Amino acid sequence: MGATTDTVRNDWTREEIAVLFDLPFNDLMFQAQVVHRQFFNPNEVQISTLCSIKTGACPEDCKYCPQSARYDTGLEKEKLMKVEAVLEEARAAKSSGATRFCMGAAWRSPKKKDMPYVTQMVKDVKALGLETCMTLGMVSEDQATELAGAGLDYYNHNLDTSPEFYGDVITTRTYQDRLNTLGNVRAAGMKVCSGGIVGMGEGQSDRVGLLHQLATMDKQPESVPVNMLVRVEGTPLADQADLDPFDFIRTIAVARITMPKSHVRLSAGREEMNEQMQSMAFMAGANSIFYGEKLLTTPNPEASKDMVLLKRLGINTEKYEVEQDEAEQEAIVMESLQAAKNDKFFYDAVK
Ligand code: SAM
Ligand code: DTB
Ligand code: SF4
């Protein structure tokens with residue numbers, strides 16, 4: 001199997017994917033780079049900002065999650081945010097350079113009474129000139145259609161891990177439930193964002209299994225978040241052993257090779273990664289990040305630090321063609337850099 005590919009293959013076998021994982025690291029990185037450069041500008045990343053529109057008190061039992069009501073993580077629960085408050089956050093995200101705004105709710109699935117609020121959020125955020133994404137748990141065919149009708153661009157729903165390991169992590173909804181939601185999102189015409197978490201104690205064959213599920217979908221997800229487990233005190237996975245960083249990078253590289261046209265997002269866990277590891281993830285083909293001080297409930301690198309890192313690597317942020325022009329983006333980058341330089345903890349390693 002060569003590194004280049006003309007078309008997207010969705011007939012990957014688990015064996016073929018396992019062979020990629022087992023390649024010598026440099027060979028794997030080389031293949032990932034070749035594929036990445038066929039479909040993307042390697043010096044561009046897409047940036048999304050997250051907003052937790054409803055926090056905590058979730059009835060599900062996902063063992064990694066600080067928002068499950070079953071674990072005492074000290075998290076303050078919050079009701080569904082008012083539309084105007086969400087818009088304020090979206091405006092701030094846009095002015096600091098994000099092109100996509102992702103709204104997440106700690107729900108098993110949205111209730112009927114929630115739908116008018118979330119659809120209003122989609123319409124108003126879109127009107128600001130941002131791409132919209134939501135992650136609200138399971139959605140029915142009707143709910144997916146309603147969200148698509150409001151103009152929602154992406155729906156995020158992760159498979160999280162392989163079908164075999166899944167039951168060790170979540171018992172309150174099945175793998176098939178997740179696949180059904182993804183099917184409803186696709187049928188409603190939205191773009192699919194689906195990925196998983198690395199570092200939960202799964203084996204390499206589970207990483208193979210996760211990517212196999214994603215890469216063999218009739219249409220591969222347009223966006224594939226690869227999260228490194230954020231170990232939160234109080235969750236059952238709080239004391240999980242450290243992940244070998246190269247296993248994480250390998251997962252990114254194999255996602256890139258098997259899903260060549262998808263944006264692969266270096267998602268949760270960046271706060272624990274040094275700059276070298278993040279840049280290796282970009283080399284492996286990651287071309288999207290979450291940007292802003294907070295993920296949903298846990299910290300993420302400061303936006304100004306990210307801008308400095310991207311600048312040092314010569315990486316530009318991908319434009320959302322509909323709204324932003326180059327001058328506007330450049331102004332945002334310069335403002336962020338200035339803010340970083342005024343920060344007394346800023347250390348300009350380039351000097
Ligand atoms: N409640 C909805 C659901 O689970 O479908 C949406 C929000 S949920 C927080 C979205 C995703 O965030 C999860 O599927 C999981 O992949 C990721 N996530 C949650 N907690 C995490 C953690 N501690 N570390 C890494 N990823 C995490
Ligand atoms: C995804 O794959 N990762 C994001 C987003 N989709 C919704 C969430 C990460 C959450 C990390 C833990 C937290 O901050 O609560
Ligand atoms: Fe609830 Fe989503 Fe957290 Fe699972 S991942 S406990 S569904 S908020």
Side-chain angles (χ1 to χ4, degrees), residues 48-71 73-78 80 100-111 114 118 133-139 143 154-161 165-166 169-175 177-182 184-185 192-202 210 214 221 223-240 243 248 251 255 263-273 286 288-301:
S48 300
T49 291
L50 274 169
C51 173
S52 182
I53 60 171
K54 187 267 166 184
T55 306
C58 183
E60 302 297 282
D61 71 349
C62 315
K63 285 199 173 74
Y64 49 75
C65 187
Q67 303 205 66
S68 167
R70 296 166 197 243
Y71 318 130
T73 61
L75 181 70
E76 290 236 359
K77 55 182 185 205
E78 284 165 43
L80 183 63
R100 190 178 307 158
F101 193 65
C102 304
M103 296 159 267
W107 285 327
R108 173 173 167 80
S109 57
K111 303 222 161 44
D114 302 317
V118 295
C133 176
M134 279 188 162
T135 179
L136 314 171
M138 295 185 284
V139 285
Q143 288 174 321
Y154 288 81
Y155 195 83
N156 165 248
H157 197 63
N158 291 338
L159 292 178
D160 280 348
T161 189
F165 189 63
Y166 181 87
V169 184
I170 300 140
T171 69
T172 49
R173 63 161 79 117
T174 65
Y175 211 77
D177 287 334
R178 292 194 183 241
L179 292 170
N180 293 347
T181 288
L182 294 176
N184 294 338
V185 169
V192 170
C193 172
S194 188
I197 308 180
V198 185
M200 298 191 292
E202 75 286 343
L210 168 69
L214 297 167
S223 167
V224 179
V226 182
N227 297 279
M228 184 173 86
L229 175 71
V230 179
R231 293 169 289 193
V232 181
E233 204 55 51
T235 62
L237 294 183
D239 298 322
Q240 191 57 51
L243 175 72
F248 182 81
T251 310
H263 275 81
V264 175
R265 183 172 305 124
L266 169 57
S267 299
R270 287 199 301 120
E271 187 69 351
E272 285 214 20
M273 295 176 201
S288 171
I289 55 169
F290 282 125
Y291 172 73
E293 279 83 85
K294 211 160 148 197
L295 292 164
L296 288 172
T297 67
T298 63
N300 196 41

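Heavy atoms only: backbone and side chains are in, while hydrogens, waters and symmetry mates are out. Please read all numbers here as calculations on a predicted model, not as lab measurements. Every number for a ligand or one of its atoms is a count from 1 in the order of the listing.
Salt-bridge formation is detected for the pair R178/D160: a Lys NZ or Arg NE/NH1/NH2 atom is positioned less than 4.0 Å from an Asp or Glu carboxylate oxygen. Between R231 and E272 there is a salt bridge, since a side-chain N of the basic residue sits under 4.0 Å from a carboxylate O of the acidic one. Using a 4.0 Å cut-off between charged side-chain N and carboxylate O, E60 and R173 make a salt bridge.
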>> Between T174 and D177, is the side-chain hydrogen bond (donor to acceptor under 3.5 Å, both in side chains) condition met? List the steps.
In response: CA-CA 5 Å; T174 65; D177 287 334; 3.2 Å; yes
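Nearest to atom 6 (C) of ligand 1 among the protein's heavy atoms is T135 OG1, 3.1 Å. The closest protein non-hydrogen atom to atom 16 (O) of ligand 1 is D160 OD1, 2.7 Å. Closest to atom 21 (C) of ligand 1 among all protein heavy atoms lies Y64 CD1, 3.6 Å. Closest protein heavy atom to atom 5 (O) of ligand 1: G137 CA, 3.4 Å. The protein non-hydrogen atom at the shortest distance from atom 12 (O) of ligand 1 is N158 ND2, 4.4 Å.
Remark: ligand 2 atoms within the under-4.0 Å shell around heavy atoms of N158 are 1 (C), 2 (O). Of all atoms in ligand 1, listed by their number and element, those nearer than 4.0 Å to a heavy atom of M228 are 25 (C). In summary, the atoms of ligand 2 found under 4.0 Å from a heavy atom of N227, numbered by their order in the structure, are 1 (C), 2 (O), 3 (N). Against a heavy-atom cut-off of under 4.0 Å, R173 is close to the following atoms of ligand 1: 3 (C), 4 (O), 5 (O). Applying the 4.0 Å criterion to heavy atoms of L296 picks out, from ligand 1, the atoms 9 (C). Counting atoms of ligand 3 from 1 in the listed order, those under 4.0 Å from a heavy atom of Y64 are 5 (S). Heavy-atom contacts of R173 reach the following atoms of ligand 3: 7 (S) (cutoff under 4.0 Å). Of all the atoms in ligand 1, the ones that sit under 4.0 Å from a non-hydrogen atom of H157 are 5 (O).
Where the criterion is an N or O separation shorter than 3.5 Å, residue side chain and backbone included, N156 fails it with respect to ligand 1. By the 3.5 Å distance cut-off applied to N or O atoms, R178 is not counted among the residues near ligand 1. Where the criterion is an N or O separation shorter than 3.5 Å, residue side chain and backbone included, A105 meets it with respect to ligand 1. Residue V230 places at least one N or O, backbone or side chain, under 3.5 Å from an N or O of ligand 1.
Looking at N227 against ligand 1, only its side chain comes within 4.0 Å, counting heavy atoms. At a 4.0 Å heavy-atom cut-off, ligand 2 touches P66 through the side chain alone. Neither the backbone nor the side chain of V230 comes within contact range of ligand 2; no heavy atom lies under 4.0 Å. When non-hydrogen atoms are compared, ligand 1 lies under 4.0 Å from the side chain of I197 (C-beta onward) but not from its backbone.
Note that atom 2 (Fe) of ligand 3 has no protein non-hydrogen atoms nearby, at separations under 4.0 angstrom. Distance check on atom 8 (S) of ligand 1: every protein heavy atom falls at or beyond the 4.0 Å cut-off.
Judged by distance alone, the side chains of D61 and S68 never bring a donor and an acceptor atom under 3.5 Å apart.
Around atom 4 (Fe) of ligand 3, the protein N, O or S atoms closer than 2.8 Å are C62 SG, listed by chain and residue number.
R100 forms a cation-pi arrangement with Y154, by the criterion of a distance under 6.0 Å to the ring centre and an angle within 45° of the ring axis.
Q240 approaches G199 most closely through the heavy-atom pair CG-O, 3.1 Å.
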